[in-house]
Amino acid sequence: MVSKRFGGVAALTEVSLGVGGGEIVGLIGPNGAGKTTLFDVCSGIERPEHGTVDLLGEDVTRWPPARRAVLGLGRMFQDTWLFPSMTVEEVVAVARDRHLAVRDALLGILWTHHAAASERRSADEVAALLEQLSLSEVAEVPISALSTGLRRLVALACALAFEPRVLLLDEPSSGLAESEARRLVPLLHDLRRRTGASFVVIDHDMPLIRALADRLAYLDAGTLRRQGPTDQVLTDPEVLAAYVGAGER
């Protein structure tokens with residue numbers, strides 16, 4: 001349960017949200033509800049005034065973001081912060097760096113047998129991930145030359161390449177064509193099946209959230225007002241009136 005204020009504004013008020021192993025939780029609510037702030041607190045970018053953040057059985061409230069990442073927390077941001085001059089393949093390879101069996105710079109320069117084998121395995125994993133996300137055709141294209149939608153997919157590829165145990169996805173469908181967004185559902189379900197990873201997803205695409213999430217949490221004005229099975233929350237009168245709207249009835 002965490003609380004966070006910015007000056008006199010309560011961004012989060014005693015918000016308590018748990019995520020089980022292998023669970024996909026959708027976090028919904030109107031703009032300004034506190035969804036991204038909750039992700040910032042979970043990631044270590046912001047520290048709560050009250051309450052604790054637990055990750056995989058550890059109290060990480062005072063841990064910096066990098067230490068949380070090493071434990072297994074990944075995040076995809078609303079903005080795509082990628083290296084513009086690097087190719088798609090290179091950027092995703094950088095995201096996989098922590099999984100290299102050989103990370104010694106000298107051994108890499110000398111191109112020893114173990115270093116070469118480690119690099120080849122990493123290249124194979126990157127290629128497989130790009131294939132999954134239909135990014136193989138742009139593997140050698142610089143990030144700066146990509147459309148907004150493709151950059152979003154590359155950012156997702158980077159998040160998945162990190163192989164997190166818990167992944168926070170902030171508006172993953174933003175900027176994607178409808179057909180691209182729909183591919184996220186089987187992709188994330190398959191990743192959950194193969195890795196046992198847990199996901200928390202913020203998105204305003206209700207058809208996507210309905211198909212993706214096992215459970216929903218509805219946040220409004222910094223307060224967690226509803227949480228439960230997806231269909232139950234989406235048919236709640238308060239959610240329908242305040243967020244989903246009559247068109248989703």
Side-chain angles (χ1 to χ4, degrees), residues 1-7 9-29 32-83 91-105 122 125 129 154-172 188 191-192 194-203 213-217 219 222-224 227:
M1 183 178 293
V2 295
S3 296
K4 176 66 182 178
R5 300 183 68 88
F6 293 103
V9 178
L12 299 171
T13 304
E14 297 185 347
V15 173
S16 179
L17 179 64
V19 183
E23 186 178 29
I24 300 178
V25 176
L27 183 59
I28 65 173
K35 303 183 297 296
T36 297
T37 299
L38 181 59
F39 272 16
D40 287 345
V41 169
C42 291
S43 303
I45 295 172
E46 298 287 350
R47 184 171 292 179
E49 269 80 29
H50 305 289
T52 60
V53 178
D54 296 317
L55 175 63
L56 303 172
E58 296 275 359
D59 181 350
V60 300
T61 310
R62 296 186 176 275
W63 288 21
R67 190 177 175 191
R68 300 185 197 202
V70 170
L71 185 59
L73 180 66
R75 180 173 179 183
M76 177 182 173
F77 290 82
Q78 283 181 300
D79 299 320
T80 51
W81 298 345
L82 302 169
F83 301 104
V91 167
V92 177
V94 168
R96 277 198 57 81
D97 178 72
R98 82 183 188 107
H99 297 293
L100 285 174
V102 178
R103 301 178 63 193
D104 186 278
S122 179
E125 293 289 341
L129 185 54
V154 175
L156 177 60
C158 289
L160 297 177
F162 188 74
E163 296 184 9
R165 296 176 65 186
V166 179
L167 179 57
L168 309 179
L169 297 172
D170 199 343
E171 301 279 3
L188 294 179
L191 187 70
R192 185 250 303 268
R194 289 189 292 107
T195 68
S198 304
F199 301 88
V200 185
V201 184
I202 296 173
D203 213 292
D214 305 308
R215 181 163 57 90
L216 289 185
L219 197 66
T223 301
L224 190 59
Q227 62 176 312

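Only a predicted model underlies this, so the values are computations on that prediction, with no experimental measurement involved.
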What I'd like to find out is whether the side chain of [X] reaches to under 4.5 Å of the side chain of [Y], using heavy atoms alone.
X: Leu17; Y: Gln227; answer: yes
X: Cys158; Y: Val92; answer: yes
X: Val19; Y: Val166; answer: no
X: Leu27; Y: Leu168; answer: no

Shortest non-hydrogen contact from [X] toward [Y]:
X: Ala197; Y: Pro164; answer: CB-O, 3.5 Å
X: Pro48; Y: Gly51; answer: CG-O, 4.0 Å
X: Lys4; Y: Arg47; answer: NZ-O, 3.2 Å
X: Asp170; Y: Phe39; answer: N-CE2, 4.0 Å

Roughly how far, to the nearest 0.5 Å, is [atom2] of [Y] from [atom1] of [X]?
X: Leu156; Y: Leu188; atom1: CG; atom2: CG; answer: 6.5 Å
X: Leu55; Y: Arg165; atom1: CG; atom2: CZ; answer: 8.0 Å
X: Ile202; Y: Ile28; atom1: CD1; atom2: CD1; answer: 11.5 Å
X: Asp203; Y: Lys35; atom1: CG; atom2: NZ; answer: 10.0 Å
X: Leu12; Y: Leu219; atom1: CG; atom2: CG; answer: 6.5 Å
X: Thr13; Y: Met1; atom1: OG1; atom2: CE; answer: 11.0 Å

Query - Heavy atoms from other residues, nucleotides or ligands near CZ of Arg62 exceed 12 (cutoff 6.0 Å) - result: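 No, not enclosed.
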
Exercise. Do other residues, nucleotides or ligands put more than 12 heavy atoms under 6.0 Å from Glu14 CD?
Worked result: no

When you measure from the side chain of Glu49 to the backbone of Arg5, do you find a donor-acceptor pair of N or O atoms at a distance under 3.5 Å? yes

task: Look at the side chain of Ser198 and the backbone N and O of Gly22, then say whether any donor-acceptor pair between them is shorter than 3.5 Å.
output: yes

- Item | Intermediate values then yes/no, side chain to side chain contact (heavy atoms under 4.5 Å, CB included), Asp214 and Arg192 | CA-CA 12 Å; Asp214 305 308; Arg192 185 250 303 268; 2.9 Å; yes

I'd like a table of donor-acceptor pairs (distance under 3.5 Å, sequence neighbours excluded) in which one partner is a side-chain atom from residues 64-77, with atom names and distances.
from	atom 1	to	atom 2	distance (Å)
Arg68	NE	Val60	O	3.3
Arg68	NE	Trp63	O	3.0
Arg68	NH1	Val41	O	3.0
Arg68	NH1	Cys42	O	2.8
Arg68	NH2	Val60	O	2.8
Arg68	NH2	Thr61	O	3.0
Arg68	NH2	Trp63	O	3.1
Arg75	NH1	Asp40	OD1	2.7
Arg75	NH1	Ser43	OG	3.3
Arg75	NH2	Asp40	OD1	3.0

Carefully, step by step, assess Leu167 and Phe162 under the rule side chain to side chain contact (heavy atoms under 4.5 Å, CB included). CA-CA 10 Å; Leu167 179 57; Phe162 188 74; over 6 Å; no

